[in-house]
Amino acid sequence: MSDEEHHFESKADAGASKTYPQQAGTIRKNGYIVIKNRPCKVVEVSTSKTGKHGHAKCHFVGIDIFNGKKQEDIVPSSHNCDVPHVTRTDYQLIDISEDGFVSLLTDSGGTKDDLRLPTDESLLSQIKDGFAEGKDLVVTVMSSMGEEQICALKDIGPKN
Amino acid sequence: MQRSPNDLSQLQATMRAIELACSSIQMMVNPAEAEATILSFCQSPQPYQACQYIIENSQMPNARFQAATAIRDAAIRELEFSAAEKETFLAEVKQATLGIHGADVQFIGINFLESLVSEFSLSTSTTMVLPTEFHDQCQKSMELEYLKAFYCWARDAALSMTNKILDSDSAVPETKASTAALRLMLQILNWDFRYSKNGVEGAKGRKNVFSARVGNDNNLSRRSECTVVQPGPAWHEVLISSGHISWLLSFYRALRKKFSCEGFWLDCPLAVSARKLIVQFCSLKGDIFHSDNGQMQENHLLQLLSGIIEWVNPPEAVSKAIESGKSESEMLDGCRALLSIATVTTPVVFDQLLKSISSFGTLTLLSALMCEVLKVLIVSNAEEETWSWVARDLLLDTWTALLVPIESGGKTGLLPAEGRNAAANVFSLIVESELKAASASACSDDVDTDYFQASVSAMDERLSSYALIGRAAIDITIPLLTNLFNERVARLHQGRGITDPTVTLEELYSMLLIIGHVLADEGDGETPLVPKAIQTQHVASGESEKHPVVVLSSSILNFAKQSLDPEMRASIFSPRLMEAIAWFLARWSSTYLMPPEETGENSGSGYDNNHMVQSLCSSKALLIFGEHNQGKSVLDLVVHIATTTLVFYPGEKDLQALTCYHLLHALVRRRNVCVHLVALDSWHHLANAFANERLLFTLYSAHQRSLAQTLVVSASGMRNPDASNQYVRDLMGHMTNYLVELSSKNDLKIVAQQPDVILSVSCLLERLRGAARATEPRTQKAIYEMGSTVMNSILIFLEVYKHEFAVVYLLLKFVVDWVDGQIIYLEAQETAGVVNFCMRLLQLYSSHNIGKISLSLSSSLLSEAKTEKYKDLRALLQLLANLCSKDLVDFSSDSTETPGTNISQVVYFGLCIVIPLISLDLLKYPKLCRDFFSLLSHLLEVYPEMVAQLNDEAFSHVLGTLDFGLHHQDTEVVDMCLRALKALASYHYKETSVGKVGLGARAAGSKDQSGQMSEGIFSQFLRTLLHLVLFEDYSIDLVSAAADALLPLILCEQALYQRLGNELIERQVNPAFKSRLANALQSLTSSNQLSFTLDRMNYQRFRKNLNHFLVEVRGFLRMI
């Protein structure tokens, strides 16, 4: 079997590519897809045919993972779509600065200070309130296609 | 009745007031005040005397009308009369009904009876806050004492008006009253007769006192338009021997003739009611006819049919008239009548009916009628529902009603020969009309997005009816199908590359569906036999090759084979056509390919096929596709076609779903087929491609799961368990290796988030899950190894992919399915390993998710996140439940000697991890709710002592959810909660009665901070449960479970129970009910030698007692 094993190997040049091609038919609900150059989460997939005896095509409804806007696309299901490389990293929240930036503690002990707080009021207040109550918060930062955003927070309790 | 002068003056005053009010309404003087007067009159208690007086004395029709209306309303409002009052009152109604006070009042009188009847048939009664028992008694007395009388009044009323209506030229008031009378008769015949069935009132007839709306199941037949009417022998005189029906028929006929030039008449209320009543008579059945071998019923039906026939015969003329504007309602009622007759007779009797009065049989008429309707359908080709659609469906139902009993009864006498020809004629037109519809829709641009299955199941009922008709004459219909099919195939070949094949493709698609239905039944997971009608029908030629079914099957197989050729595939075999082929092959293979009786040769394989062998021997000709004939080569062909759809139709999800879920599953369902499968090169290639090549990763991941399952199942065809296990290892080994290697990479954290890696991991997890689901004793070992190899990797992936919900879910589901398949076989040491792994998995999941809040601008993404959480939790609950099963079923060899894992501790520990993640909000998901309660009740039942050890928070959470569950609408959830309660209470009672603490403080109740005494849990639940049992709606199935929970609760809290019982008695106002309740409560706890122990015997006694108790008291306690 050894000569076949390379089929499963992935190219290990990590992070080199922002997107990967994947056959439209294999993309599932809850997966990711690039629509109009925006990374989206797929919330709906339906298939139809081009004419009764034609080939299948997929109809995707996606939600932009950063701005929440709805996007739609139709792709023949045997064609490839771009799938975005989405990463999420946890950081401990150290500080929220006056000018709307957060200060985060990285795994290696350094700080990451280039991330803005979300502008949306409710998201902002969820972060600020938690922080103000003195909870120890871990924030999850989602990044894809050159954009970053805090996408979740988690109370890890009073002690570390 | 004598009246005092005082009364009289009062009555006169009332009459004048009403007359005044009526006239002021008429003249529009101060209408508001007048209306108020009338309204208050109508709503006054017991206005019967006044009404009677007005009706008898007033000169004003309007006032009489109002009085009659008032009686109606009041009578419905105040159902309780003294006997004398009732008599007078009914005499009054009778007079009104018979027309003594003129046609207006007559109309009201009849209407009143109609509402009375509908009020008493429970399914249409209104809420009146009266005890259920009262309704029940009313219903019984209505049926036994009054219905027939009412019917006769209505009949006499209608009779008396006959001449007036027939003689007058325009609509007279009598028309209205007469219509109402016919409607009333119809309504009475619609009554759900339960007491008059020859006095036999078995358990079935007894009313369900446990829920208010039972509905009458008898009437829930598949064809809602056709209910069988069985009023019993008491009605014989009224309906059959009195000449009533012949009056009705001639009344209708006379009217019909009189108004023959006025097209609208057919739809006027009188005509409609008369026809409905006639149709209803067609459904009469049972003891009302004397037992004279059906002769009386036949005469009855013949009489009706001779009246009805002119509605539908000659079919051509009738349909032509309708097409040129005549109302279709009479024709449709004619079809309904045929349907009713078909429902109460056998095909032979049905056919004979008409023969005695005409040159053809009823089947011939049915066939001619159906053909006519189909012709109209073919021509009109309308999109929306027209009369011909309705007629077609009615007539199809009629055929089904005639033919279905043959199928299930296994009688050899099918349709009479003439009927077979009739059926064949109909069938050929059916096929023609379907082909026409197919070709018309082929190019229509409304691209149906329907998934194939959806479109088939929507058509399924219709296709099944077609199939029944087709099977009634296979010697004609199947050759016809063969010809039509071959014709289309030839047309495709001729036009290849020249003309657009779409129309022909669609026709073939449609034909494959029809043929599939005619040749074979849906297996529904079982092995379907060759349909009886096909097995038993004598077919002229003796040779297998010439049997029509064989000829047709071979034609289709040959055609399907051409899809293997790339050029042909590109030009002819569209994805949609392949869908039909895959569906057909799946259905056909289950029935005809290597039918099971041949396993007799490899005897001892565990199949008990003797009866199958016998029943199949009659159709030896069909064994040509068996194991020792063409079976192997056909199987090989099917596998090739299946592989083709998976490999050469990229992205065609629907097609591949059919292949994976239907076709391949059908092949591996039977072991004798698996034996041949694993020996085929084509199967080997498929397995190899799946295990080692990248190609099949482009399949939809759920399809990959199914494929893995199929391939592992086929391993059962290997000659011994070792070979089967090796087969699975070879299949899955490469995949597990990949996962292990990936999880041990140093840069996993970075690599893992690449979309292509996520795709690979997801697909492999799905495949592993598919394999796990295929666990059988024979392959258990290899699948255990598969899972234990990746256990560690799973935990690593759970950490790495903690933000990737889709992957997390797959990880959990794999573990759930794997544990489910494995746990009962595992030895002690293996069990410990698996349990330990599961606990680490739970802790890890919990640590990732407790206190986590998703932030997103998009509400739909947030709700997705919630759904994902729900699915995860459900998987975790299933995992715990699967672990529990180890304590119940254990096949391991060393379970008694070596100290095993304490499953109860483990599962309680797991539950404590999971409970904080579950909110009442999440319990709104019904499946999660069910899983949660089944786990909870299981734990409480098996390990009640653990409850005492729960901490306060977990304890109150558990009890809160139990209380929530008791009031759940899902019967199963309530049942599970009751079982849990029983377990808790009986544990406590047994413990305390031997001097132990039981649940101790939990049961005793406590003071909270404010010094308020709060009740112990058993007191709370005793209250809740008593209230539930006595006053709320629940299924009758729950009574036993409720009894089992109630008994130990009562024993735990005897003082409280006494108090509650006394309160209940005190609350009854009616002294009769009061003493009945007291007696019932007394015997609930004392009869049947009930004692204070909790053994099986005692539980049984208490169940009986509670049942009696509820039957006795719920009737008057419950108000509806």
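So that the names make sense, note that chain A is the first sequence line, chain B the second, and so on, each numbered from 1.
Counting non-hydrogen atoms of other residues, nucleotides and ligands closer than 6.0 Å to NE2 of H848(B) gives a total above 12. Crowding of D129(A) atom CG: a count of heavy atoms from other residues, nucleotides or ligands under 6.0 Å exceeding 12. Environment of CG in N746(B): sparse, with no more than 12 heavy atoms of neighbouring residues, nucleotides or ligands closer than 6.0 Å. Heavy-atom neighbours of D99(A) CG from other residues, nucleotides or ligands within 6.0 Å: above the threshold of 12.
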Might you work through the side chain to side chain donor-acceptor pair (under 3.5 Å) test for K52(A) and S574(B), ending with a clear yes or no? CA-CA 9 Å; K52(A) 267 202 168 148; S574(B) 74; over 6 Å; no
Can you list the steps and then say if Q754(B) with Y20(A) is a side-chain contact (heavy atoms from CB on, under 4.5 Å)? CA-CA 8 Å; Q754(B) 289 170 207; Y20(A) 287 78; 3.3 Å; yes
F60(A) vs V75(A), test: side-chain contact (heavy atoms from CB on, under 4.5 Å). Steps then yes/no. CA-CA 8 Å; F60(A) 295 104; V75(A) 190; 4.2 Å; yes
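Between T644(B) and R569(B), the side chains place no donor N or O within less than 3.5 Å of an acceptor N or O (distance only, hydrogens not considered). Inspection of the H59(A) and E44(A) side chains reveals no N or O donor paired with an N or O acceptor under 3.5 Å.
Considering only heavy-atom pairs separated by less than 4.5 Å from chain B, the leading option among I150(A), T26(A), V138(A) is T26(A). Ranked by heavy-atom pairs under 4.5 Å with chain B, the list G68(A), S46(A), G130(A) is led by G68(A). Of all the listed residues (S701(B), P501(B), S859(B)), the one sharing the greatest number of non-hydrogen pairs under 4.5 Å with chain A is S701(B). Chain B forms the most heavy-atom pairs under 4.5 Å with one residue out of H53(A), K69(A), R28(A), and that residue is H53(A). Each of S854(B), A865(B), G733(B), P755(B) has some count of heavy-atom pairs under 4.5 Å with chain A, and the biggest count is that of P755(B). Comparing N30(A), D64(A), V83(A) by how many heavy-atom pairs each has under 4.5 Å with chain B, the most go to N30(A). Looking only at heavy-atom pairs under 4.5 Å with chain B, the residue among K41(A), K70(A), H79(A) that has the most is K41(A). Considering only heavy-atom pairs separated by less than 4.5 Å from chain B, the leading option among G54(A), G31(A), C151(A) is C151(A). Chain A forms the most heavy-atom pairs under 4.5 Å with one residue out of K802(B), E864(B), M578(B), H803(B), and that residue is H803(B).
Looking at L505(B), both its backbone and its side chain come within 4.5 Å of chain A, counting heavy atoms on both sides. Heavy atoms closer than 4.5 Å to chain B are found nowhere in L137(A), neither backbone nor side chain. With a 4.5 angstrom heavy-atom cutoff, V86(A) touches chain B only via backbone atoms. For L759(B), the part lying under 4.5 angstrom from a heavy atom of chain A is the side chain only. Of the atoms belonging to H703(B), not a single heavy atom falls under 4.5 Å from chain A. Proximity to chain A (any heavy atom under 4.5 Å) is shown, for I758(B), by neither the backbone nor the side chain. Residue contact with chain A, scored on non-hydrogen atoms closer than 4.5 Å, involves the backbone and the side chain of T698(B) alike. Looking at F66(A), only its backbone comes within 4.5 Å of chain B, counting heavy atoms on both sides. Proximity to chain A involves both the backbone and the side chain of E652(B), based on heavy atoms less than 4.5 angstrom apart. At a 4.5 Å heavy-atom cutoff, S762(B) makes no contact with chain A through either its backbone or its side chain. Neither the backbone nor the side chain of Y809(B) comes within less than 4.5 Å of any heavy atom of chain A. Proximity to chain B is limited to the backbone of P84(A), based on heavy atoms less than 4.5 angstrom apart.
With sequence neighbours excluded, no residue forms a ring-ring contact (aromatic ring centres under 6.0 Å, His included) with Y649(B).
Salt bridge status for K813(B) with E766(B): absent, with no side-chain N to carboxylate O gap under 4.0 Å. Between K852(B) and E868(B) no salt bridge is recorded (no basic side-chain N to carboxylate O distance below 4.0 Å). Taking a cutoff of 4.0 Å between a charged side-chain nitrogen and a carboxylate oxygen, K154(A) and D90(A) do not qualify as a salt bridge.
Under the 3.5 Å distance criterion, the side-chain polar atoms of D95(A) are left unmatched by any main-chain donor or acceptor of S97(A).
Across every non-hydrogen atom of E507(B) and S439(B), the tightest pair is OE2-CB, 3.4 Å. In plain terms, the two heavy atoms of G651(B) and A56(A) that are nearest each other are O-CB, 3.9 Å.
Proximity to chain B among residues 139-147 of chain A is limited to T140(A), judged by heavy-atom separations below 4.5 angstrom.
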